**Q** 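Mind looking over this structure? Questions follow.
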Amino acid sequence: MLILGIETSCDETSIAVLEYSRGSVFIRSCIISSQVKLHAKYGGVVPSLAAREHTENLPRILNLALKKAKVTMKDIDLIAVTSGPGLIMALLVGVAFAKALAWKYDKPLIATNHMEGHMYSNWLASDPKLSNKKIFPILHLVVSGGHTQLILMKSHCSYKLLGQTVDDAAGEAFDKTARILGLPYPGGPNLSREADKFNPDKSKLNIDLPRPMINSKNYDFSFSGLKTAVLYLVRDLKKKYKLSAIKSELAYEIQKTIVDVLITKTKRAANNHRIGAIMLSGGVSANKLLRSELTKLGKNLNIPVIMPEMRYTTDNAAMIAMAGLVNIKYGKKRRKKVEADANWEIV
Ligand code: KG4
Ligand code: ZN
């Protein structure tokens with residue numbers, strides 16, 4: 001079975017061809033065209049520009065993806081398109097393109113949830129196998145620009161929300177604090193790179209950033225206080241230091257704080273539920289510190305930790321094709337209509 005995935009929910013245009021055969025998945029192609037340079041000038045994603053770029057790029061990216069996969073549209077069995085959540089103007093472009101393709105080539109089309117796509121980026125590697133049921137229930141930490149959630153995956157396409165952010169998402173906290181430090185868009189990876197420059201033995205600031213809700217007995221998160229604390233701290237420190245002289249220490253402490261909160265809540269949820277594995281997904285899953293701390297947690301608790309390959313941590317169409325496939329196989333609550341829905345939540 002060949003699935004064509006289409007992703008245009010934010011600032012990456014991506015099309016992938018996924019092959020599913022005898023329980024295994026092969027990524028025949030996954031083309032990603034990033035618009036980071038275009039939006040960097042504005043300090044964030046400009047929806048109208050993103051939509052225009054998607055419109056211009058999609059036909060070319062489709063050709064590249066088919067060519068690399070050595071297939072034609074005739075060979076495709078299913079089209080999966082990101083229908084939400086995301087920027088409505090960007091989603092509309094992908095959905096219209098997918099509908100036109102499905103109509104022209106008479107192919108089935110499935111609406112795919114972007115966050116479910118991120119979660120299923122963990123199945124893009126050959127391990128775990130789609131048919132492996134032993135890893136359920138899975139405790140899944142979903143961390144992206146718009147979401148921070150702890151989800152219990154009871155089985156394929158069956159979710160229970162344990163907790164989520166009450167204000168900013170973890171990715172948003174990275175992006176907003178990076179901006180305060182004068183780091184360019186996208187904030188998360190740039191803040192992480194800045195933090196890597198810091199040697200903790202040479203600490204001069206004695207920073208203690210707030211970790212709101214870290215001790216609350218639930219699985220919810222709060223990150224907006226961190227942004228405010230960093231804003232005032234930087235304003236005060238700038239009276240004594242040049243920002244360039246303290247930037248890497250600040251970045252280091254911010255990253256440590258965000259990761260500490262995420263790990264503490266994940267640990268609490270892991271201790272209170274019978275689980276077969278811990279999983280990580282969403283754009284923030286690219287963060288090296290988060291990956292290493294989660295690996296440590298898994299070792300301490302003797303629970304396997306599964307994370308997406310680095311190249312599938314950020315937005316891509318292979319994960320969308322994968323989520324489309326599992327929904328065809330296991331999804332009981334599939335959407336009948338394929339429409340762009342900026343606020344589509346799976347839990
Ligand atoms: O999943 P994603 O690509 O887009 C959404 O669906 O929201 O996530 C983007 C988020 C951004 O906030 C970005 O700053 C963050 O993921 N991010 C990172 C890293 N790479 C991307 N945050 C921390 N460290 C990283 N290495
Ligand atoms: Zn995403």
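Predicted, not measured: the structure shown is a model, and the values here were computed from it. In listed order, ligands and their atoms are each counted from 1. Residues: numbered from 1 along the sequence shown.
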**Q** Any N/O of Asp315 closer than 3.5 Å to an N/O of ligand 1?
**A** yes
**Q** Regarding Lys247 and Glu194, does a basic nitrogen lie under 4.0 Å from an acidic carboxylate oxygen?
**A** no
**Q** Which is closest to atom 13 (C) of ligand 1 by heavy-atom distance: Asp175, Val143, Val142?
**A** Asp175
**Q** Any chance CG of Asn199 has more than 12 other-residue heavy atoms, nucleotides or ligands included, within less than 6.0 Å?
**A** yes
**Q** Using a 4.0 Å cut-off to any heavy atom of Gly283, which atoms of ligand 1 qualify?
**A** 1 (O), 2 (P), 3 (O), 8 (O), 16 (O), 17 (N), 18 (C), 19 (C), 20 (N), 21 (C)
**Q** So which protein heavy atom does atom 22 (N) of ligand 1 come closest to, and at what separation?
**A** Gly188 CA, 3.4 Å
**Q** If you look at Asp315, which of its N/O/S atoms is nearest to the Zn ion (ligand 2)?
**A** OD1
**Q** Do any of the N, O or S atoms of His118 sit under 2.8 Å from the Zn ion (ligand 2)?
**A** yes
**Q** Could you tell me the residue and atom name of the protein heavy atom closest to atom 15 (C) of ligand 1, and the distance to it rounded to 0.1 Å?
**A** Val284 CG2, 3.9 Å
**Q** Taking atom types as modelled and ignoring hydrogens, do the side chains of Ser33 and Gln35 form a donor-acceptor contact shorter than 3.5 angstrom?
**A** no
**Q** Applying a heavy-atom cut-off of 4.0 Å, say which part of His114 lies close to ligand 1: side chain, backbone, both or neither.
**A** side chain
**Q** Report yes or no: do Asn271 and Arg268 form a side-chain donor-acceptor pair below 3.5 Å?
**A** no
**Q** Enumerate the atoms of ligand 1 whose separation from the nearest heavy atom of Gly171 is less than 4.0 angstrom.
**A** 12 (O)
**Q** With heavy atoms only and a cut-off of under 4.0 Å, state how Pro186 meets ligand 1: side chain, backbone, both or neither.
**A** neither
**Q** Anything under 30° is parallel, anything over 60° is perpendicular, the rest tilted; go ahead and classify Trp123 against Phe136.
**A** parallel
**Q** Flag the pair Lys99 / Val81 as yes when at least one side-chain heavy-atom distance between them is below 4.5 Å, and no otherwise.
**A** no
**Q** So is Gly146 close enough to ligand 1, meaning a heavy atom under 4.0 angstrom away?
**A** yes
**Q** Tell me yes or no: between the side chains of Asp77 and Tyr20, is some donor less than 3.5 Å from an acceptor?
**A** no
**Q** For Thr13 and His54, does a side-chain donor sit closer than 3.5 Å to a side-chain acceptor?
**A** yes
**Q** Could you list the atoms of ligand 1 found under 4.0 angstrom from a heavy atom of Gly145?
**A** 5 (C), 7 (O), 8 (O), 9 (C), 10 (C), 12 (O)
**Q** Checking the N or O distance criterion of under 3.5 Å, is ligand 1 in contact with Asn287?
**A** yes
**Q** Would you kindly specify which portion of Met115 sits under 4.0 Å from ligand 1, judged on non-hydrogen atoms: side chain, backbone, both or neither?
**A** neither
**Q** Please work out whether the ring planes of Phe223 and Phe221 are parallel, tilted or perpendicular, with thresholds of 30° and 60°.
**A** parallel
